[in-house]
Structure formats: C-alpha cells, structure tokens
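What follows is one structure encoded as structure tokens, with my remarks underneath.
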Number of protein chains: 2
Amino acid sequence: MKTRVRIEDVAKRAGISTATVSRYINRSDYVSSKNAERIQAAIEDLNYVPHAAAQTLARQKTMTLGLFFPSLTSAYFSSLLRGVEMRANQANYTLLIHSSEMVTKEIRKKRALGEHNTDGIIVFSDSLDDEELIRLANRNFPVVLMHRSSPSFLNIPTVIIENKNGVYNLVSHLIEVHDCRRIAILRGPEKHENAYWREAGYRKALSEHNMAFDPDLVECGEFNTEQARLAVKRLLEKNIKFDAVFSGDDDAASGSMMALREAGLRIPEDVAVVGFDDQIIASHLSPPLTTIRAPIEQVGFQATDKLIQLIDGKPVELQTLLPTELIIRHSCGCKENFH
Amino acid sequence: MKTRVRIEDVAKRAGISTATVSRYINRSDYVSSKNAERIQAAIEDLNYVPHAAAQTLARQKTMTLGLFFPSLTSAYFSSLLRGVEMRANQANYTLLIHSSEMVTKEIRKKRALGEHNTDGIIVFSDSLDDEELIRLANRNFPVVLMHRSSPSFLNIPTVIIENKNGVYNLVSHLIEVHDCRRIAILRGPEKHENAYWREAGYRKALSEHNMAFDPDLVECGEFNTEQARLAVKRLLEKNIKFDAVFSGDDDAASGSMMALREAGLRIPEDVAVVGFDDQIIASHLSPPLTTIRAPIEQVGFQATDKLIQLIDGKPVELQTLLPTELIIRHSCGCKENFH
DNA sequence: CTGAAAGCGCTTACAG
DNA sequence: CTGAAAGCGCTTACAG
C-alpha cells in the first residue's frame, strides 16, 4: 500500500524506457505523439508524481529557495512573504523559510538553509550573521539581501527602500503643517539599516528646520507594538514633553497610540502620531495613521527575482532602491480624508 | 569553486570509509573514539553539510512536513504557524507551506505537496479538497486536519476547538449583562466548520433566552476585516436596527468597528462589538475587544504533534478538542478592566 | 525520436 | 567497530 509509484512503473505500463518518460515529463526533448499519449495515460492511471529528492539529486538542482526571516508575527512579514511567494511560484521554486525567532542557535549551526538544500537564499536585514554570509558568498552561492546593504568587499545584490527621504518628508510635514516642535522618535532595532536611515531622515528634517536634536526625545520602539507602547510610557513617566511621535514603523505607531490613550492623551490634538510602512492596519487605526507607504511586497518580489536571475547565471543590478510615499491621514492632525 | 563537498571527501580526509562517516554523523552506530575525532576534524575542515536530497533518497524519508493554509495575510496564521514550527523544529522536521491564496490551481494539480516531497501533511480547514484528501488517506499517507472534522468514513485525526460553547457564553454575556436584544452575526466562510459551530452557539444563546432568530441580522463577514466592514455597512444601509454584533472572529470585529465609527456610531454605547480568537490585536483595538480566547498556537502545535506520531506509526487520538475562554474587555460595554 | 547505462550523494543490510 | 557494495528514483550524455 505504501509502495511508491516510480518512473519505472510508468515506463513499463507504457511499454517504453524510463528515459523517454522522463523526457516527456520534463518536456526536455521531443517524444513521438503516440508515445506521449501512452505515457500520459500511464501517468494518470498510476497517479504518478516524480519523487522530488530523486530529481534534485539527478539534476543537481533543488528548485527551492531559502528565506531567512526574523519573525513571522508581524503582518509586515506576511506582505513581504506574499511578494516572495508570488515570484517563486511563477518560476516553479519552492520556499524554505527560517525565522530566527523560531529556529534555535543549535539548528542554525547545523546549517538549516544552504547549499545542501537550496539553490540560493534571501536574507532579511540582519537575520543571518556576517560570518555565514561571507562563507556563502565566497563559495559563489547565490544570495540576495533585503533591507541590508552588502558588506562592501562582497557585492551581494540587495533590495532596499527610500527610508531617509521618506521620513524627512514625514517629519517635515509635522513641522511645517502642524507646527510640531518636540517630536519624539522611536528607534528600530540596533543593527537594522532601515532604523538607521529613518533616524537620519528625522535628523535631517530637524536640522533643516533649525530644530535641535534632543536626546531626551529618543526612545527604542524596536519596530514592535508592545515595545513601542512601553517606550512611550517611559517618555511620559519621565515627564518629557512632546507634541508628536515618529514611531519608526506602523506596528510601533499602534503601540504609541495605546500608550497615549492609556495616559488619557488625545491623538492628534495632544500628541500627533506617525509611522512607516503603510501596513494594512495603518488605515484601520483610530485615528487613521499618517505614515510612509513602503512597497513591502515589491521588496520581496524584486529580491526573489534577483535571486532567480543569479541562479540562472544572469547579470543583476547590485542595488535596487524602491521609492516610498507620504500618506496623509488623520493621526498627524490633518482633517481632510485624503485616501 | 562550486564543487560540492561530499561524504566521500570527508571519508578520504579522515582515511576511513563513507559508511563509518555516515554512522558518525547520524549517530546510528558506535564509532571508535579515534575515528570519531578524525571525522569531526575532517567535517570542520571541509565545512561539510550532508546533501539533503541524497539523504532523503537513501533513507526513504523526507524529514519534511507539508502544510496547507488558506492564506498568510492574517496575524491568525502567524500564531498558528508558530505552533506548527515549534513542534516541527523540536523533531527536526522542515516545513513546506502552501497557501491556497498564492498557489495557482495549475500548481496544485501538479501535486505541490504530497508523498513525493513530504512525510505527511497538515490541512487547515477546507484548504485541500475532499478528493485529494481521500486519495491520500487511501494510500495510508499521514494526514492531520485542523478545524475540520474527518469525513466520517476515513478517520483522519483532527484538532478542533470549542466553538459552540464559546460563542454561547459570549452571546449570553451580551444578553444577560448588557441587555442586548438585537445581536447581528457576521458569518464566516461557507465551508468553514468554525463558522458553522459559531453560528450554532449564537443560535443556542438566542433560543435559551427566548429570543427569535432574525435572518435580517445575519451577514457575511468571512473572518475578514474588509469583508466585515462592508457587511456592517450593508446592515446599516438597509436600516436594520441592532445593538450588538458578533463578528465571527477578531479580524472581522476590527472591520465592524471601522464601519460603525464611519457611521458615527459609538462603541459600545450605541453598538457593542465582540469577536472570536483573542488575537494580539484584540486588546489593541479601541475599545479593547471582548472576545473568546482560542488556543490558536496550541492547535498548530497539537496537530503537528499528532502528525509526527502518525509518521512514527504510533497511535493517536482521532479528535482533540481544545477549550476556549471568554475574555471580557470594553467593547461589550463592560467598564472594568479585567485583563 | 529512443534506449542502455552511468551517475547524483547518501544509507544500510551484510559480512567480517 | 568497520568496509564493500547495493540501492534509493530520477536525469542525461552517448550512441544509434
């Protein structure tokens, strides 16, 4: 009952060699129409599906892509994953996903994802350490980065987004339109390049408007709802005055709102709140969130596309920079409904 | 440069046979400590990692689990996936995930997930059709269901949750404590058993309180934020009067709140809103959502555990029923903060 | 257009 | 405790 149907069984039933059956299945060579019919019939009769591992071994190609993710808990990663899946499916690749959140150090040491089980990997931000990255690159193994620039001596292709200008526009809006003077910022994770550039955009907006950077207004939101909630709470408890908070991303913006509401503050009348990403929740928050739209899904799609090019030995641009866009809603203080 | 390091290379460097190297790596037999050391050194020198497909082929075991999901867009599935991953990782299994949302019919017809590339599969609700389910079961291929009962003649193990009683308690709370008289219900997807039993709980609560079931109060929320928003909008536009809405799940509850707010209605003063699941967003909504806590992650964990037992040829309980719990917050009208 | 046969990189009885 | 060799289920030059 558990005995597997093999290509040999199909060949026998069709009265033909396994070589020809293989050619028919893979469309890798012409097969006489008479034989094609008999093979097709045999396949359907026997319900034959090729054994993936045997194909992989014979072809020396896994037809699977590896994906290093930090976590799967945020809706952010669902969007990213959609983009990756879409392109991978188009090209008939299967996905192997590892979230650093779930995979223990021990498992990672066993090299859960690499040359032994994928044709190439995609790395989100710092979810894979430099050491392993360098090892793979040195072996010429196809790797693409998302939201992280290549170590300068390696030239690993990467897809990034326009963080700095986006935040610059966002914070400038707060200053120019809503006359905000004390804008708190919730930083993202330390090694996260998005976090770095978003802070740079924030600083640029301040300095261009002749406002001093005040360390008191800086907290760590970690691109995380609960962390952000606690961060804003700390600000409040330290009695720091602020009239706006740039939360780092939308998840954190949602946490900021919770903390403010819990303190009895009104948004945006007492404190304006803005985010980054324009995730689905952004428009559902109350008040609807003013934020920067980032093409999250596109990043996944483009990175996967690059990886496939790389695997096929085609040339790829080393860096793709995707644009972002200011989305005005109500949490900044604007009244009109722009969306 | 791209030449692979094989077990043979390790064997040569250690001056020993591949058989012994294999035994050492898999701890499948005793190896003299002298040889063990030399093998370990060779592995590290060469940076050797076994080729997954070759192992699969030789062992006749893929060490991977297949997962059929409807989509990845809701945070709900992140939780479920966490549970699955946790158990799979413990047992050293890899995951292959297919969301029906992303996978085209064409791909599915090619049998993307099955005996040729997994040791067993987990099926969420109706994300795999009966035909394929029956085919697999007839071949004795390990399958476990989540939120779906087995076709009666098949005895496929399943993990489900207490929907009916949960909703019964929830709706009874609305009636008894908040004196709600016209409670709208947003149905889930048609073939979804959770949807069926939740409606059953709703009906039971009504009838036990001598309230008539009014078809006017029924709409389709599809366990989806946007669909639910539109559904409540329809109710409002049809001028149906209601003082509460059981939204089917938390995603839909969030959509209900949006529609009500857009219509200028206050929650819970004008209309109470309740959900099901107690997802992370539930406590973040404004007002915080009264709902039923479902052990989402546990469902994933238990289903995966069952599947592993099945693969190992161990006996499993045919049906695991996980309890749910009423979580009172503010969206029902309660003032105290219970959580 | 087709077939015989080697080979992909492992594991595992079998014999010692 | 160890090794030689068969076998897992495919694909693909090679020869025809």
Side-chain angles (χ1 to χ4, degrees), chain A residues 2-40 42-43 46-64 92 94 110-111 114-119, chain B residues 2-40 42-43 46-64 92 94 110-111 114-119:
Chain A
K2 265 221 140 183
T3 135
R4 189 186 297 287
V5 179
R6 297 153 307 156
I7 196 170
E8 208 189 312
D9 303 316
V10 175
K12 271 194 191 131
R13 177 174 262 254
I16 221 174
S17 75
T18 58
T20 301
V21 175
S22 171
R23 287 184 193 111
Y24 170 77
I25 289 174
N26 300 304
R27 268 73 172 147
S28 57
D29 211 340
Y30 285 107
V31 172
S32 73
S33 63
K34 193 191 69 184
N35 281 341
E37 274 176 36
R38 303 175 61 176
I39 294 171
Q40 185 55 42
I43 288 176
L46 298 174
N47 235 319
Y48 172 69
V49 180
H51 189 71
Q55 290 183 309
T56 296
L57 195 56
R59 288 180 184 152
Q60 290 294 87
K61 186 138 197 288
T62 64
M63 289 309 290
T64 107
N92 267 310
T94 290
K110 283 194 201 161
R111 302 263 164 64
E115 309 144 279
H116 59 293
N117 59 3
T118 62
D119 294 334
Chain B
K2 265 218 138 184
T3 136
R4 189 185 298 287
V5 179
R6 296 152 308 156
I7 196 172
E8 208 189 312
D9 303 316
V10 175
K12 272 197 189 127
R13 178 173 262 255
I16 221 173
S17 77
T18 59
T20 302
V21 175
S22 171
R23 288 186 191 108
Y24 170 76
I25 290 173
N26 300 305
R27 267 71 174 153
S28 57
D29 211 340
Y30 286 105
V31 172
S32 72
S33 63
K34 192 190 69 183
N35 280 342
E37 275 175 35
R38 302 176 63 177
I39 295 171
Q40 185 56 42
I43 289 176
L46 299 174
N47 234 317
Y48 172 70
V49 180
H51 189 70
Q55 289 183 311
T56 296
L57 194 56
R59 289 181 182 151
Q60 289 294 86
K61 186 141 199 286
T62 64
M63 290 308 290
T64 107
N92 266 311
T94 290
K110 282 194 200 158
R111 304 261 165 64
E115 309 145 277
H116 58 294
N117 58 2
T118 62
D119 294 335

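In the text below, chain A, chain B and the rest are named by the order of the sequence lines, each starting its count at 1.
Remark: the separation of the P atoms in D:dA13 and D:dG9 is 23 Å, to the nearest Å. With P as the reference atom, C:dA5 and C:dC1 are 24 Å apart, rounded to whole Å. Comparing the same atom, P, in C:dA6 and in C:dT2 gives a spacing of 23 Å after rounding to whole Å.
Taken to the nearest 0.5 Å, the OG atom of B:S28 stands 8.5 Å off from the CZ atom of B:R59. Remark: A:M63 CE to A:D119 CG distance equals 7.0 Å, nearest 0.5 Å. To the nearest 0.5 Å, atoms CZ (A:R4) and CD (B:Q60) are separated by 5.5 Å. Here A:H51 contributes atom NE2 and B:E115 contributes atom CD; the two are 11.0 Å apart, rounded to the nearest 0.5 Å. How far NE2 of B:H116 is from OH of A:Y48: 10.0 Å, rounded to the nearest 0.5 Å.
Proximity of a side-chain donor or acceptor of A:T62 to a complementary backbone N or O of A:T56 within less than 3.5 Å is not detected. Although no hydrogens or angles enter the test, the distance criterion places no donor-acceptor pair under 3.5 Å between the side chain of B:R23 and the main chain of B:T18. Using modelled atom types, one side-chain atom of B:T64 and one backbone atom of B:N117 make a donor-acceptor pair closer than 3.5 Å. Listed for the B:T20 side chain is no donor-acceptor partner under 3.5 Å among the backbone atoms of B:I16.
With sequence neighbours excluded, the residues that form a side chain to side chain contact (heavy atoms under 4.5 Å, CB included) with B:D9 are B:V5, B:R6, B:L46. Residues that satisfy the salt bridge (charged side-chain N to carboxylate O under 4.0 Å, His left out) test with A:R13, not counting sequence neighbours, are A:D45.
Counting heavy atoms from C-beta on, the side chains of A:S22 and A:I7 come closer than 4.5 Å.
Using a 4.0 Å cutoff on non-hydrogen atoms, the parts of residues 7-23 of chain B near DNA chain D are B:I16, B:S17, B:A19, B:T20, B:R23, ordered by number. For the segment residues 53-62 of chain B, the set of residues with a heavy atom within less than 4.0 Å of an atom of DNA chain D comprises B:L57, B:A58, B:Q60, in numerical order.
Helical stems in DNA chain C, defined as runs of 3 or more consecutive Watson-Crick or G-U wobble pairs with donor-acceptor distances under 3.5 Å: C:1-3 with D:14-16, C:5-12 with D:5-12, C:14-16 with D:1-3.
Close approach of DNA chain D to chain B, defined as any atom under 4.0 Å from a non-hydrogen atom of the protein, starts and stops at D:dC1 to D:dG9.
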